Amino acid sequence: MIISWNTTKRCNLYCEHCYRDSGPETSSDELSTEEAKKLLEEIAKAGFKIMIFSGGEPLLRDDIYELITHAKNLKMRPVMGTNGTMIDLEVAKRLKEAGLARVGISLDSIDSCSHDDFRGEEGAWQKTIEGIRNCHSVSLDTQINTTITDRNYEELEKITDLAVQLGSKAHHPFFLVPTGRGRDIEKESLRSKRYRKMINRILDKQAEVDIELKPTCAPQFMPMAKEQGVYMRFSRGCIAGIAYCCILPDGDVHICPYLPVKVGNVLENPLDQIWESSKVFNELRAMEYGGNCGRCKNIEICGGCRARAYYYSDGDYLAEEPWCSSFN
């Protein structure tokens, strides 16, 4: 089981696709250090094993190192999602000493100008590369996260090659889901045929490299991998509400970062109680989906992207995912 916490809405960048609509001028209510520690204890009690510290930019929280250590002491595996631009050598050392197990760093192009344009700051690409290298210099594992859109569609394999060259342990391509500022570039999201072709390319590339590749927000990769005999260590494509959820900076609990449906708030009810008793979570666990998703023979290992279903059905997270028809 895995959970992500958007520790802050603040960010030093202003990326075009940001699902949390974060940026330098953004401020919002955030859990205090004590509230955050209590939350981590509830997360551990609920049975979650992987704790993702995300944002905004989590390195903007002064207490992030203390919270990482607290998560580790609770026997969880603390990892982080960051843009990487703030990871100088000293930050890398502090993350390692705090007990962080891996850093997921966003890299969207092999071309610095394209990445910088997407991330909204000149020089971001170079700082990100330096951040990755600083992590490796202190033996802190990294994972490259790439948001896939039409603009970098042709680059996927080259970004994977760069991840291998840099020494990262994994490359996770995230298929754009139109939420937050991502709604403004919805037209750049991959549609049915290109969507399936991209998954095939990722599976083909997996056969060529030793690092782990995982299509994210593209749950059809599971039945496709099964059909092609490609081993994947994962049990299911979309685990939202089943083995995953997310927490916003103010304590609101959502199904996933890309699906803006509030399930509860950790300042009002303990996270472990919300996880166990939420009507929304129990609906998702029943897997009574609409359309092709509900009739699909691969319902147990795929499930369709619930966030994409929500967006394209005008608010029904149990609806058919729009790209599923091409997979049956």
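The shown structure was predicted, so the numbers you read here are calculated from the model rather than taken from an experiment.
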Requested in this report: Could you check H171 against T146 for side chain to side chain donor-acceptor pair (under 3.5 Å), going step by step and ending with a plain yes or no?
Outcome: CA-CA 8 Å; H171 180 203; T146 300; 2.9 Å; yes
Query raised in the report: Does N134 use its side chain to pair, donor to acceptor, with the backbone of I87 at less than 3.5 Å?
Result: yes
Query raised in the report: Does K96 use its side chain to pair, donor to acceptor, with the backbone of S139 at less than 3.5 Å?
Result: yes
Would you please say whether a donor-acceptor pair under 3.5 Å links the side chains of [X] and [Y]?
{"X": "D111", "Y": "N152", "value": "no"}
{"X": "Q228", "Y": "N200", "value": "yes"}
{"X": "Y312", "Y": "E186", "value": "yes"}
{"X": "S22", "Y": "E57", "value": "no"}
{"X": "H70", "Y": "E41", "value": "yes"}
{"X": "R191", "Y": "S189", "value": "yes"}
{"X": "Q143", "Y": "S168", "value": "no"}

Between [atom1] on residue [X] and [atom2] on residue [Y], distance to nearest 0.5 Å:
{"X": "R94", "Y": "T69", "atom1": "CZ", "atom2": "OG1", "result": "10.0 Å"}
{"X": "T8", "Y": "E30", "atom1": "OG1", "atom2": "CD", "result": "3.5 Å"}
{"X": "M76", "Y": "I68", "atom1": "CE", "atom2": "CD1", "result": "11.5 Å"}

Does [X], at its [atom1] atom, have more than 12 non-hydrogen atoms belonging to other residues, nucleotides or ligands within less than 6.0 Å?
{"X": "D29", "atom1": "CG", "result": "no"}
{"X": "E122", "atom1": "CD", "result": "no"}
{"X": "K72", "atom1": "NZ", "result": "no"}
{"X": "E283", "atom1": "CD", "result": "yes"}

Report task. Quick one: sort the W323 and Y195 rings into parallel, tilted or perpendicular, breaks at 30° and 60°. Result -> tilted
Within-4.5 Å side-chain heavy-atom neighbours: [X] and [Y]:
{"X": "P219", "Y": "C305", "answer": "yes"}
{"X": "M198", "Y": "I148", "answer": "yes"}
{"X": "M86", "Y": "V91", "answer": "no"}
{"X": "P24", "Y": "R10", "answer": "no"}
{"X": "L95", "Y": "M80", "answer": "yes"}
{"X": "T142", "Y": "H136", "answer": "yes"}
{"X": "L40", "Y": "M51", "answer": "yes"}
{"X": "C293", "Y": "I299", "answer": "no"}

Compute both the distance and the angle, then confirm whether [X] meets the cation-pi test with [Y]: under 6.0 Å from the six-membered ring centre, within 45 degrees of the axis.
{"X": "R20", "Y": "W5", "answer": "no"}
{"X": "R306", "Y": "Y317", "answer": "no"}
{"X": "R183", "Y": "Y311", "answer": "no"}

Report task. Please test C246 against V253 for side chain to side chain contact (heavy atoms under 4.5 Å, CB included), starting from the C-alpha separation and ending with a verdict. Result -> CA-CA 6 Å; C246 84; V253 181; over 6 Å; no
Query raised in the report: Where do R119 and E16 land on the salt bridge (charged side-chain N to carboxylate O under 4.0 Å, His left out) test, with the steps shown first?
Result: CA-CA 6 Å; R119 295 282 160 177; E16 288 190 34; over 6 Å; no
Report summary line: From the list E35, E34, E42, salt bridge (charged side-chain N to carboxylate O under 4.0 Å, His left out) partner of K38 resolves to E42
Report task. Output, in order, the C-alpha distance, side-chain angles, deciding distance and verdict of salt bridge (charged side-chain N to carboxylate O under 4.0 Å, His left out) for D150 and R194. Result -> CA-CA 9 Å; D150 280 337; R194 283 164 69 83; 3.3 Å; yes
Report task. Check the pair S106, N145 against side chain to side chain donor-acceptor pair (under 3.5 Å), reporting the backbone distance first and the verdict last. Result -> CA-CA 5 Å; S106 300; N145 295 333; 5.2 Å; no
Report task. Would you check, one step at a time, whether the test side chain to side chain contact (heavy atoms under 4.5 Å, CB included) holds for N12 with N83? Result -> CA-CA 9 Å; N12 59 315; N83 59 50; 3.0 Å; yes
Query raised in the report: When clusters are formed from ILVMFWY side-chain contacts under 4.5 Å, directly or step by step, what else is grouped with F174?
Result: Y19, V177, Y258
**Report entry** Other cluster members, I50 - Ile/Leu/Val/Met/Phe/Trp/Tyr, side-chain contacts below 4.5 Å
**Finding:** I2, I52, V79, I239, Y244
Query raised in the report: Taking it one step at a time, do E212 and K169 satisfy salt bridge (charged side-chain N to carboxylate O under 4.0 Å, His left out)?
Result: CA-CA 7 Å; E212 176 186 271; K169 298 293 186 181; over 6 Å; no
Query raised in the report: Would you call E321 and R308 a salt bridge, using N to O less than 4.0 angstrom?
Result: yes
**Report entry** Ionic contact status for E155 with K158, cut-off 4.0 Å
**Finding:** no
Report task. Work out which heavy atom in R236 is nearest to a heavy atom in C302; give both atom names and the distance. Result -> NH1-O, 3.8 Å
